K.L.:
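Below are the structure tokens for one structure; questions will follow.
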There are 2 protein chains.
Amino acid sequence: MRVTIAEVALRAQVSKATVSRVLNGKPDVDVTTAERVRQVIDEIGYVPSARAVGLARGRARTVGMLAPSLTWPWMGEVLQGIVDTLETEGYGLLLYTVNRGPDSLSQFASHVSANAFDGLLVIEPPDTLNYIATLYAQGLPVVMIDDRGSHPQFPSVATTNREGAQGAARHLLAAGRTKFAVVTGPVQFGCTRERLDGFRDALAAVGLSVDPRLVVDGDFTTDGGTVATEKLLSTGIPFDGVFAHNDLSAMGVLRALRKAGRDVPGDVSVVGFDDVPIASHAEPSLTTVRQPLQEMGVAAARMLLSHFGGEVLPEKPLVLPTSLVVRQSAPQI
Amino acid sequence: MRVTIAEVALRAQVSKATVSRVLNGKPDVDVTTAERVRQVIDEIGYVPSARAVGLARGRARTVGMLAPSLTWPWMGEVLQGIVDTLETEGYGLLLYTVNRGPDSLSQFASHVSANAFDGLLVIEPPDTLNYIATLYAQGLPVVMIDDRGSHPQFPSVATTNREGAQGAARHLLAAGRTKFAVVTGPVQFGCTRERLDGFRDALAAVGLSVDPRLVVDGDFTTDGGTVATEKLLSTGIPFDGVFAHNDLSAMGVLRALRKAGRDVPGDVSVVGFDDVPIASHAEPSLTTVRQPLQEMGVAAARMLLSHFGGEVLPEKPLVLPTSLVVRQSAPQI
DNA sequence: CTGAAAGCGCTTACAG
DNA sequence: CTGAAAGCGCTTACAG
């Protein structure tokens, strides 16, 4: 049988209200009474029912997390940051992915309506930005981890795509590279434009530019990176530095260059973006612009928690800086 | 303001009890009454409060998941299998990791006591087997995803470590390899023993064996694999096939062999275990024993769900078969 | 400082 | 077939 607050009240010879006060650290409880209640609680190992507390208070002390996929190489980092942060405050994390077609999303929607969680953390599943915006407008606290430069109209945590790309360009320049190629991310992503712009900006600052024929669309996959590189090679235009918009693409770039007999970094330097675990295991290991994924998860979770604590959610995105991780594919000179 | 069952009852001109009956598909409701209630529900978009339903019924329709780390390369696969399965049945997943020291676990314990979830899925965090066993003994439905051959005294899903290792051995034999080395997993793990035994068994069946000096302890990390391989090479004993007990180790093996000037698979064939995403991106790509991670997650979740449906949890582990994935590091001959 | 009572939003015997 | 009432296990004004 479950131990309830009534049992505690009975044994401590007080009312349930007083037990509740002690439990929640309310003021105006006699010190000795409080002590007695605490003893009883320890003795019988009482823990309040999460559901009953939630129902009475109207809050679940639970956060929902919406993620398009759990198998992406960097998702674990973000999740880990989130879970660690929430657990510290005693909050639970309800995990949703919506990759089982249309009724998948409607099921999620019903959990929202059922008030299953107090706030939502989201990594944008395809084509759900409007939906999320609606939820936010309806009063659900939402913080998005903006991995693709969507710049939503609600609170979010992002990273410095532009500055990160600038850093990549400067690093390649410092290594003496002058002829650049770019394998982009999906064109519809904001981060793709930002990374491209940043890269070009830094080159322009020293009077250089990227030959438009050496900017090839990728799709953030390894195979896409391979195909893109084959296209680059087939132009016959020489290049000695490649900036891939994510690490998976960069892996494909490495593979294609190897197949073509180009030495990395001897003939060509390669820089990726993300710093997923694979990056350090690549051959050669990958120089890349590190996204602070775990920190972004932590920041998003903190934002939501402090909102529950009474603070307003910031309108502007919280932007955490990238950093360049130098490895063999584009070594320091 | 939240729409409640009372509102529906009022508009449909019935009692809350009747609305509840319609909601839960109970028999003995007049067809036209039921229809009227359903219309009102649709009209005002009523969704029952998860907390209130949970409190009244004593069940949360939520499953807890305890995982030691979310950043392991294969964790995403397992999680994805679990979440997909639970979502299909409308169950939520509460995610816990307990890697913030001792109070981390006690916080989890209090969520257990608070009845925050109806059942627990677990990938064993270090030294928690007894604790989990206690929870199961106290009546919490538990299913463990046994990734390390712990063979717990409660329901679990596992894979064929022994047979998988046998397959690795046979594959190497078929490729004409005769002198074998092994980089093991942590010695205290059951799966390490099973993989070692299986490998030896298959060799013994054709009258071969592994030189004991060529069996080196690894620790399931890439660096551990590198160190182990350097030890193997320093023995001066020739070998032409390496079986690493997981893929991360195998990556380290590849790296060390490359550094030592040994060609893979020309001089040495290498086989790993797991088939994590990195495996296909290794250079050369890694032949490995595939663990059906996502399927194991699905199976564990299904087991729990059918238990909620009234079935008893099976005492024996559910064992899903491994399969050999042949890539360049140990090609088919 | 403390208790009785109402309320959170449902479900479930019990009557009819 | 349907409703009134009690109950799930808490919290929170309201009195005193």
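Keep in mind the model is a prediction, meaning the values are calculated, not measured. A, B, ... follow the sequence lines: proteins, then strands. Residue 1 opens every chain.
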K.L.:
Does any pair with a residue in residues 55-83 of chain A pass ring pair (Phe, Tyr, Trp, His ring centres under 6.0 Å), and if so which ones, sequence neighbours excluded?
P.N.:
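Qualifying pairs, neighbours excluded: Trp72(A)-Trp74(A).
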K.L.:
Measure from CD on Gln13(A) to C1' on dG3(C) and round the result to the nearest Å.
P.N.:
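Whole-Å distance recorded here is 14 Å.
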K.L.:
Return one dot-bracket line describing DNA chain D 5' to 3' (Watson-Crick or G-U wobble pairs, both distances under 3.5 Å; ( ) same strand, [ ] crossing, | another strand, . none).
P.N.:
|||.||||||||.|||
K.L.:
What residue pairs, at least two apart or across chains, pass salt bridge (charged side-chain N to carboxylate O under 4.0 Å, His left out) with a residue in residues 113-137 of chain B?
P.N.:
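Non-adjacent pairs meeting salt bridge (charged side-chain N to carboxylate O under 4.0 Å, His left out): zero.
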K.L.:
For Leu120(A) versus Leu140(A), what's the shortest heavy-atom pair and its separation?
P.N.:
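Of all heavy-atom pairs spanning Leu120(A) and Leu140(A), the closest is CB-CD2, 3.9 Å.
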K.L.:
List the residues meeting side chain to side chain contact (heavy atoms under 4.5 Å, CB included) with Glu295(A), not counting sequence neighbours, and say none if there are none.
P.N.:
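Listed in chain order: Arg290(A), Pro292(A), Leu320(A).
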K.L.:
With sequence neighbours excluded, what pairs up with His307(A) under the ring pair (Phe, Tyr, Trp, His ring centres under 6.0 Å) test?
P.N.:
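Residues passing ring pair (Phe, Tyr, Trp, His ring centres under 6.0 Å) with His307(A): none at all.
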K.L.:
List for me each residue that meets salt bridge (Lys or Arg N to Asp or Glu O under 4.0 Å) alongside Glu87(B), sequence neighbours excluded, and say none if there are none.
P.N.:
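For Glu87(B), the residues satisfying salt bridge (Lys or Arg N to Asp or Glu O under 4.0 Å) (neighbours in sequence not counted) are Arg100(A).
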K.L.:
List for me each residue that meets ring pair (Phe, Tyr, Trp, His ring centres under 6.0 Å) alongside Tyr91(B), sequence neighbours excluded, and say none if there are none.
P.N.:
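Phe308(B).
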K.L.:
Under 4.0 Å between a side-chain N or O of Thr18(B) and OP1 or OP2 of dT2(D)?
P.N.:
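For dT2(D), neither OP1 nor OP2 has a side-chain N or O of Thr18(B) closer than 4.0 Å.
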K.L.:
In whole angstroms, how far is the C1' atom of dC8(D) from the CZ atom of Arg59(B)?
P.N.:
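Answer to the nearest Å: 15 Å.
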K.L.:
Give me each pair satisfying salt bridge (charged side-chain N to carboxylate O under 4.0 Å, His left out) with a member in residues 12-27 of chain A, each pair once, sequence neighbours excluded.
P.N.:
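Listed by first then second residue: nothing to list.
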K.L.:
When you check every protein heavy atom under 4.0 Å of nucleotides 11-16 of chain D, what one-letter string (B, S, -) results, 5' to 3'?
P.N.:
SBB---
K.L.:
Please give, in whole Å, the distance from dC10(C) P to Leu55(B) CG?
P.N.:
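That distance rounds to 12 Å.
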